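Have a look at the structure below, then the notes.
The chain is numbered in sequence order, starting from 1. None of these values were measured; they are calculated from a predicted model.
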Amino acid sequence: MMSLTHQTNWYQATPPPGLMAFRKTNVEFDDENAFHDDDGSGLSVADLEANVDARGVDVRSLLQRGNIAAAVAKSVTDPPVGRTPSSLKDRNTQTVMEALQAAKTGEISGIVKTLSSDQLDVLMKYIYRGMASPETYNSSILLTWHEKVLEVSGLGSVVRVLTDRSTV
């Protein structure tokens, strides 16, 4: 039980001894104004560019062999996020969209079921990014992908994507 102190404010509650012993982190020390937007990769722009180029070559190779599921999985694995230059993000988006457009409507469900939850979240980010540019990408294909991803991952994926600060 908490006891009330009668020193300054009658409503100021003090916890009994030992109750707050579990708290190891000083929450008052955290400075909310000290935000650092970091992509967490620690790679240089040249390394990121090499990764995006290699991913594009791998995805196109998988598409030529007809392995669309692997191409989609490869395209959404370890995307450039955060403060990565937008030109790299655009090139990677184009790679993802090529993989998505190569799938037939009947194959989409099976492909989505093979992806991990992290890959589904990244895929949902790219779907929304593609929908933001209807003049560039086919919205009907993206809506079909959105429907299938939503069936598998649920609304949690949409919430995670919309609240995540790291954009693709």
Side-chain angles (χ1 to χ4, degrees), residues 25 27 30 32-168:
T25 304
V27 294
D30 189 27
E32 64 186 38
N33 295 327
F35 175 71
H36 301 286
D37 188 18
D38 186 21
D39 62 0
S41 68
L43 298 175
S44 69
V45 174
D47 291 339
L48 289 170
E49 188 171 0
N51 287 347
V52 168
D53 291 341
R55 182 178 302 113
V57 169
D58 291 345
V59 167
R60 286 178 196 86
S61 172
L62 289 166
L63 289 174
Q64 287 175 352
R65 289 185 275 165
N67 194 349
I68 298 169
V72 171
K74 179 71 175 173
S75 69
V76 296
T77 302
D78 194 28
V81 295
R83 294 167 51 168
T84 304
S86 62
S87 62
L88 291 178
K89 289 182 178 183
D90 292 341
R91 287 187 3 221
N92 202 67
T93 300
Q94 185 61 38
T95 300
V96 174
M97 294 303 155
E98 287 174 17
L100 297 182
Q101 291 172 355
K104 296 177 184 160
T105 305
E107 299 173 333
I108 294 175
S109 247
I111 293 171
V112 168
K113 289 177 183 176
T114 64
L115 300 175
S116 70
S117 63
D118 289 337
Q119 289 173 323
L120 288 172
D121 288 350
V122 172
L123 177 58
M124 190 66 87
K125 286 181 183 184
Y126 279 109
I127 290 169
Y128 286 138
R129 181 162 180 173
M131 286 183 188
S133 302
E135 66 282 348
T136 307
Y137 305 113
N138 188 343
S139 295
S140 65
I141 292 173
L142 294 174
L143 284 172
T144 304
W145 277 96
H146 185 274
E147 175 189 4
K148 300 304 180 185
V149 171
L150 190 62
E151 285 176 7
V152 172
S153 65
L155 286 176
S157 178
V158 173
V159 172
R160 285 188 297 274
V161 167
L162 294 178
T163 58
D164 193 3
R165 295 184 83 139
S166 61
T167 58
V168 294

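Counting only residues at least two apart or in different chains, ring pair (Phe, Tyr, Trp, His ring centres under 6.0 Å) contacts with residues 55-86 are absent.
Thr93 places a side-chain N or O within 3.5 Å of a backbone atom of Lys89 that can act as its donor or acceptor partner. Between the Arg55 side chain and the Asp78 main chain, a donor and an acceptor come within less than 3.5 Å of each other. At least one donor-acceptor pair closer than 3.5 Å links the side chain of Arg129 to the backbone N or O of Val168. Of the possible polar contacts, one joining the Lys125 side chain to the Ser166 backbone as a donor-acceptor pair under 3.5 Å is found.
Within the model, atoms CD of Gln101 and CD of Gln94 stand 7.5 Å from one another, a figure rounded to the nearest 0.5 Å. In this structure, the separation between CZ on Arg160 and CG on Leu120 is 8.5 Å, given to the nearest 0.5 Å. A distance of 11.5 Å separates CZ of Arg60 from CG of Leu62, quoted to the nearest 0.5 Å. To the nearest 0.5 Å, atoms CG (Leu162) and OG (Ser157) are separated by 9.0 Å. Once rounded to the nearest 0.5 Å, the distance linking CZ of Arg83 with CG of Leu48 reads 13.0 Å. Rounding to the nearest 0.5 Å places CG of Asp118 at 12.5 Å from CG of Leu123.
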Side-chain donor-acceptor contacts of residues 140-147 below 3.5 Å, not counting sequence neighbours, with atom names and distances?
unit_1 : atom_1 : unit_2 : atom_2 : d
Ser140 : OG     : Asn138 : OD1    : 2.7
Thr144 : OG1    : Ser140 : O      : 3.0
Trp145 : NE1    : Leu100 : O      : 3.1
His146 : NE2    : Tyr128 : OH     : 2.8

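Nearest heavy-atom pair, Pro80 versus Val52, reported as atom, atom and distance to 0.1 Å: CG-CG2, 3.9 Å. The two residues Ile68 and Ala103 have their closest heavy-atom pair at CG2-CB, 3.8 Å. The minimum heavy-atom distance between Met97 and Tyr126, with the atom names listed, is CE-O, 2.9 Å. Nearest heavy atoms, Val81 versus Thr84: O-OG1, 2.7 Å. Ser75 and Val96 get closest at one heavy-atom pair: O-CG2, 3.4 Å.
Here Thr77 pairs with Gln119 under the side chain to side chain donor-acceptor pair (under 3.5 Å) rule; sequence neighbours left out.
Side-chain atoms of Lys74 and Thr95 include no donor-acceptor pair closer than 3.5 Å.
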